[in-house]
Amino acid sequence: MDSRPPPPQPDSPTAETVAGRLLAWYDRHRRRLPWRAGPGETPDPYRVWLSEIMLQQTTVATVGPYFERFTARWPTVAALAAAPLDAVLAEWAGLGYYARARNLHACARAVVERHGGAFPDEEAALLALPGVGAYTAAAVAAIAFDRPASPLDGNIERVVARLFAVAEPLPGAKPELRRLAATLTPSARPGDYAQAAMDLGATVCLPAKPKCLLCPLEADCRARALGIAERLPAKAPKAERPTRRGVAFLARRADGRVLLRRRPDKGLLGGMAELPSTDWRTESWAEAEALGSAPLPAAWDALPGLVRHTFTHFHLELGVWRAELPAATDSPAGARWVPIDGLAGEALPTVMRKLLRHGLA
DNA sequence: AAAGCGTGGGC
DNA sequence: TGCCCAAGCTT
């Protein structure tokens, strides 16, 4: 038993001190982001919601151009609701997690149908919308409507875990972090407070190398006092990623078109365009076996090299087989011939663009 | 309730 | 290079 007195530690942070320091910091360091209202401006709930959906598991830098294109093309939720789903998917292509785009479209239509085109200002009503979970409902309520909601995203999880030195690993610690985060949320300026907490996590309370010397909460932070800030929050170990393999078929017609299909609406890359391919499985494919998955009979030519791509839960290695077909070739059921110079406007996810680049080079 | 679901950048 | 990470949601 160690009888030495424990090192000095800050008292448990209080809502008043933390919120006050964070808001004062935010007033000096507020970032100008395309979806963020300036000081004194009224936020547009549509833009707040759109940005929050895009920012799910996605960096600010990646979202920027997508947000600009979406709001230029669809300036209001009613405009987005009136768009065909495939146009939304094509505009979303490359951003990933495509269920977000399908839910985005469904949500826009729900806001028009259930709420007359105006986003609800209550967390519970927001939570009932497609693609809106606990985080997004709280974030929109706070940021768009200045309601005293307490969003908990990865940034705030990290800030709170360090502030209170919560050692339990995620995701198990989440209920406790949510409880602690709620105790900090002020009744004054809750929207600015939420953005301040997220900005702090994004720019100061960084995962690997927190800039504690720049942090307005350094004096309140128990993990800092204990010298363990860099190691919090703890996380459960991740499952390993298996490798799956397949063969993709690039059918090129003499009139400069290639054959694309639409993927099923649910599951991986749901609703997006694809090159026809074999299944993606652990075992590699013998040539004769892969040929059975070709979309049409042709003189298929195996191109050198492989296209590699990594998804959230598996690595993928695809061979590319190419065939040249006469301009009069009909498209097989469920597929269509798309002009090569029109591919930019298609709902092609990144892995499919890699295949096309490989096969058309 | 654990697993499925994308992508690009940083180290 | 391989792993980690990013303003999570759905089933």
Side-chain angles (χ1 to χ4, degrees), chain A residues 31 33-36 47-67 89 92-104 106-107 126-144 149-159 170-172 174-175 178 181 191 193-203 205-210 230-231 233-244 263-272 274 280 308-316 347-354:
Chain A
R31 291 189 291 170
L33 300 172
W35 44 86
R36 180 172 284 177
R47 294 167 65 90
V48 172
W49 161 76
L50 177 61
S51 70
E52 291 300 341
I53 302 299
M54 288 184 165
L55 286 162
Q56 288 168 8
Q57 303 291 285
T58 309
T59 59
V60 165
T62 298
V63 165
Y66 284 87
F67 182 83
L89 291 177
W92 195 277
L95 199 49
Y97 283 144
Y98 297 99
R100 291 186 296 171
R102 289 176 263 131
N103 287 330
L104 183 85
C107 183
L126 288 161
L127 191 56
L129 294 167
V132 176
Y135 162 76
T136 304
V140 172
I143 297 170
S150 184
L152 185 69
D153 74 327
N155 289 306
I156 300 180
E157 282 177 357
R158 187 167 57 253
V159 169
L170 287 166
K174 203 159 174 173
R178 176 171 284 112
Y193 171 80
Q195 293 175 90
M198 289 189 275
D199 275 16
L200 187 76
T203 64
C205 195
L206 301 172
K209 303 227 168 169
E230 294 194 15
R231 290 184 279 137
K235 297 198 172 179
K238 299 194 171 154
E240 60 183 272
R241 276 195 280 233
T243 296
R244 298 185 192 170
R263 291 178 63 89
D265 282 312
K266 302 194 180 219
L268 185 69
L269 310 178
M272 302 296 285
E274 68 169 358
W280 301 345
R308 298 174 197 279
H309 189 79
T310 297
F311 294 99
T312 308
H313 54 298
F314 64 94
H315 302 287
L316 182 62
L348 286 162
T350 296
V351 61
M352 298 302 158
R353 295 189 186 273
K354 283 190 191 176

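Lettering of chains follows the sequences in order, A, B, ..., and the numbering in each one begins at 1.
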Participant: Take A/His315 and A/Arg308 through the test side-chain contact (heavy atoms from CB on, under 4.5 Å) and record every step on the way to the result.
Facilitator: CA-CA 7 Å; A/His315 302 287; A/Arg308 298 174 197 279; over 6 Å; no
Participant: Given the C1' atoms of B/dA2 and C/dA7, what is the spacing between them in whole Å?
Facilitator: 23 Å
Participant: Considering only atom C1', compute the distance from B/dG6 to C/dC4 and round it to an integer number of Å.
Facilitator: 15 Å
Participant: Among all residues two or more places apart in sequence or in another chain, which pass the side chain to side chain donor-acceptor pair (under 3.5 Å) test with A/Arg231?
Facilitator: none
Participant: Touch check for A/Pro151, heavy atoms < 4.0 angstrom, all strands: base, sugar-phosphate only, or nothing?
Facilitator: nothing
Participant: Please give me the minimum heavy-atom distance between A/Arg353 and A/Ala93, naming the atom from each residue.
Facilitator: NH2-CB, 4.3 Å
Participant: Base, sugar-phosphate, or nothing: which does A/Thr312 touch, judged by heavy atoms less than 4.0 Å apart?
Facilitator: base
Participant: Does A/Arg100 have any side chain to side chain donor-acceptor pair (under 3.5 Å) partners at least two apart in sequence or in another chain, and if so, which?
Facilitator: A/Thr58
Participant: Please enumerate all residues that pass side chain to side chain donor-acceptor pair (under 3.5 Å) together with A/Gln56, with sequence neighbours excluded.
Facilitator: A/Thr136
Participant: Name all residues meeting the ring-ring contact (aromatic ring centres under 6.0 Å, His included) criterion together with A/Phe67; count only those two or more places apart in sequence or in a different chain, and write none if there are none.
Facilitator: A/Trp35
Participant: Going 5' to 3' through nucleotides 3-11 of chain C, assign each nucleotide B (protein heavy atom under 4.0 Å from a base atom), S (under 4.0 Å only from sugar-phosphate atoms) or - (no protein heavy atom that close).
Facilitator: --SBBBSS-
Participant: Which is true for A/Leu269 with a 4.0 Å heavy-atom rule: it touches a base, it touches only sugar-phosphate, or it touches nothing?
Facilitator: sugar-phosphate
Participant: Salt bridge or not between A/Glu230 and A/Lys209? Use side-chain N to carboxylate O under 4.0 Å.
Facilitator: no
Participant: Look at the rings of A/Phe311 and A/His309 and say which category their plane angle falls in: under 30° parallel, 30 to 60° tilted, over 60° perpendicular.
Facilitator: perpendicular
Participant: At the 4.0 Å heavy-atom cut-off to chain A, mark where contacts on DNA chain B begin and end, going 5' to 3'.
Facilitator: B/dG4 to B/dG8
